[in-house]
Amino acid sequence: MNTFNQILRGLLFFVLAIFGMAMAFIFMVSTAIAVGVLYIVAKVRGRPFGVRAYWEERRRPRAESRNTGGAPRYNKKDVVDVEMREIP
């Protein structure tokens, strides 16, 4: 009976390992597809594709003319007062 339990546990472990490897493979394939789509979109738009280009674009200050919303955009340095109230 002990041998039967060990075989059953080994079989269950093997099935779970195969299932986990299949999930990892699906994740890797979907990630590769997503990176490929991002690469194609970057090439179509004429922008460089890479972490450095993305980081430099995000760090660049945005023009104030892009602010099309109703509220003005403020720097974090401009905020000097915070209103607080206690909630009973």
Side-chain angles (χ1 to χ4, degrees):
M1 193 65 177
N2 191 19
T3 305
F4 178 71
N5 283 340
Q6 286 181 345
I7 292 173
L8 192 60
R9 284 181 185 174
L11 187 62
L12 181 63
F13 180 78
F14 181 73
V15 168
L16 288 174
I18 295 296
F19 184 68
M21 288 189 334
M23 287 175 51
F25 180 75
I26 290 170
F27 177 72
M28 288 187 335
V29 168
S30 64
T31 302
I33 291 171
V35 169
V37 167
L38 289 173
Y39 178 77
I40 291 171
V41 168
K43 286 297 178 185
V44 167
R45 290 184 177 175
R47 296 182 180 171
F49 179 76
V51 176
R52 181 172 297 181
Y54 175 76
W55 186 253
E56 288 176 1
E57 180 180 337
R58 299 298 290 171
R59 290 186 64 188
R60 234 182 289 144
R62 294 184 178 198
E64 291 296 322
S65 62
R66 286 188 179 180
N67 185 13
T68 57
R73 187 177 292 180
Y74 297 106
N75 284 336
K76 291 182 181 178
K77 297 176 192 174
D78 294 340
V79 178
V80 293
D81 190 19
V82 177
E83 181 180 341
M84 293 180 58
R85 60 188 171 121
E86 291 185 20
I87 299 174

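Remark: Y39 engages K43, F49 in a side-chain contact (heavy atoms from CB on, under 4.5 Å) (not counting sequence neighbours). With sequence neighbours left out, R45 forms a side-chain contact (heavy atoms from CB on, under 4.5 Å) with V41, R47.
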Give the table of side-chain donor-acceptor pairs shorter than 3.5 Å for residues 5-33, with sequence neighbours excluded, one pair per line with atom names and distance.
| residue | atom | partner | partner atom | Å |
| --- | --- | --- | --- | --- |
| S30 | OG | I26 | O | 3.2 |
| S30 | OG | F27 | O | 2.9 |
| T31 | OG1 | F27 | O | 2.8 |

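Closest approach of A42 to P48, counting heavy atoms only: CB-O, 4.4 Å.
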